[in-house]
Amino acid sequence: QVQLVESGGGSVQAGGSLRLSCVAAGYTYSINFMGWFRQAPGMEREGVAAIVTSDGTTYYADSVKGRFTISQDNAKNTVYLQMNSLTPEDTAMYYCAAGIVRAYLPLHAPSYNYWGQGTQVTVSS
């Protein structure tokens with residue numbers, strides 16, 4: 001079993017920055033991918049960023065590329081999402097996810113097996 005604990009959400013003005021953190025506990029040796037997803041009211045869950053834990057390969061949604069950065073600290077079993085130049089369109093509940101099997105589509109939710117509770121990000125104009 002894997003447990004994920006997220007933190008770092010909050011409210012920020014447009015143009016500001018936030019850094020989200022996700023700590024994985026349990027059988028973390030089994031994790032191949034970690035990712036961040038978000039869901040705004042009335043919208044489908046969207047893959048934001050993902051990282052291959054073994055080699056650090058990253059993937060980004062077009063909507064956030066150049067503004068968001070995913071990174072990891074393997075010694076701490078932690079992934080981060082640095083979010084810069086935030087806009088109101090980034091407002092959503094953000095979820096951390098862990099993939100146990102090889103993730104063929106790193107920004108697609110079915111690739112993941114474990115999910116955090118979510119942390120709210122609100123960007124005001």
Side-chain angles (χ1 to χ4, degrees):
Q1 294 291 314
V2 174
Q3 299 83 43
L4 305 175
V5 179
E6 300 143 311
S7 62
S11 298
V12 66
Q13 291 184 300
S17 299
L18 286 172
R19 189 178 76 156
L20 307 183
S21 300
C22 175
V23 180
Y27 296 104
T28 58
Y29 65 88
S30 64
I31 298 174
N32 292 311
F33 275 76
M34 294 190 73
W36 289 97
F37 292 76
R38 66 186 182 186
Q39 188 166 18
M43 303 293 290
E44 294 290 318
R45 183 163 44 185
E46 175 189 21
V48 175
I51 188 166
V52 182
T53 55
S54 59
D55 63 13
T57 302
T58 58
Y59 304 85
Y60 295 95
D62 288 342
S63 59
V64 307
K65 192 171 185 178
R67 299 188 297 121
F68 291 10
T69 303
I70 188 170
S71 61
Q72 66 180 343
D73 185 338
N74 284 335
K76 298 179 179 179
N77 292 315
T78 302
V79 294
Y80 305 93
L81 185 67
Q82 179 66 47
M83 305 184 294
N84 298 326
S85 301
L86 286 163
T87 76
E89 293 183 349
D90 297 314
T91 295
M93 185 72 73
Y94 283 71
Y95 298 91
C96 178
I100 301 303
V101 299
R102 183 72 173 176
Y104 305 107
L105 300 172
L107 299 181
H108 288 241
S111 297
Y112 294 83
N113 307 95
Y114 299 96
W115 295 84
Q117 76 285 357
T119 185
Q120 179 68 40
V121 171
T122 302
V123 184
S124 60
S125 299

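Bear in mind that the values here come from a model prediction, so they are computed numbers and not experimental data.
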Can you list the residues that meet the side-chain hydrogen bond (donor to acceptor under 3.5 Å, both in side chains) rule with [X], with sequence neighbours excluded?
| X | answer |
| --- | --- |
| Arg67 | Asp90 |
| Asp62 | none |
| Asn84 | Ser17, Gln82 |

Item to check | Any pair counted as disulfide (SG to SG under 2.5 Å), so long as it reaches residues 43-80, sequence neighbours left out | outcome: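 Non-adjacent pairs meeting disulfide (SG to SG under 2.5 Å): zero.
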Checklist entry - Does any pair with a residue in residues 21-73 pass disulfide (SG to SG under 2.5 Å), and if so which ones, sequence neighbours excluded? => result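 Only Cys22-Cys96 qualify under disulfide (SG to SG under 2.5 Å).
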Item to check | side-chain hydrogen bond (donor to acceptor under 3.5 Å, both in side chains) contacts touching residues 46-59 (sequence neighbours left out) | outcome: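 Qualifying pairs, neighbours excluded: Arg38-Glu46, Glu46-Ser63, Asp55-Thr57.
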Got a sec, which residues hit side chain to side chain contact (heavy atoms under 4.5 Å, CB included) with [X], two or more places apart in sequence or on another chain?
| X | value |
| --- | --- |
| Gln3 | Gln1, Ala25 |
| Ser124 | Gln13 |
| Glu89 | Thr87 |

Checklist entry - If every non-hydrogen atom of Ala14 is compared with every non-hydrogen atom of Pro88, which pair is closest and at what distance? => result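 Closest pair (atom of Ala14, atom of Pro88, distance): CB-CD, 4.2 Å.
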Checklist entry - What closest approach, in Å, do Ala92 and Ala40 show between heavy atoms, and which atom pair accounts for it? => result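 Looks like CB-N, 3.9 Å.
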Checklist entry - CZ/Arg45 to NE2/His108 distance, rounded to the nearest 0.5 angstrom? => result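 So the gap between those two atoms works out to 12.5 Å.
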Item to check | Side-chain donor or acceptor of Gln120 paired with backbone N/O of Gly9 under 3.5 Å | outcome: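 A pair under 3.5 Å: no.
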Checklist entry - Tracing side-chain links under 4.5 Å among I, L, V, M, F, W and Y, which residues wind up in one group with Val123? => result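 Its cluster mates, by chain and number, are Val2, Leu4, Val12, Leu18, Leu20, Ile31, Met34, Trp36, Val48, Ile51, Tyr60, Val64, Phe68, Ile70, Val79, Leu81, Met83, Leu86, Tyr94, Ile100, Tyr114, Val121.
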Item to check | Pairs where residues 2-30 contributes a residue and the test ring pair (Phe, Tyr, Trp, His ring centres under 6.0 Å) is met, not counting sequence neighbours | outcome: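 Listed by first then second residue: Tyr27-Tyr29.
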Checklist entry - Are Thr69 and Tyr80 close enough that some pair of their side-chain heavy atoms sits under 4.5 Å apart? => result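 The answer is no, as the side chains (C-beta and beyond) never meet within the 4.5 Å cut-off.
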Item to check | For Phe37, all residues meeting ring-ring contact (aromatic ring centres under 6.0 Å, His included), sequence neighbours excluded | outcome: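 For Phe37, the residues satisfying ring-ring contact (aromatic ring centres under 6.0 Å, His included) (neighbours in sequence not counted) are Tyr112, Trp115.
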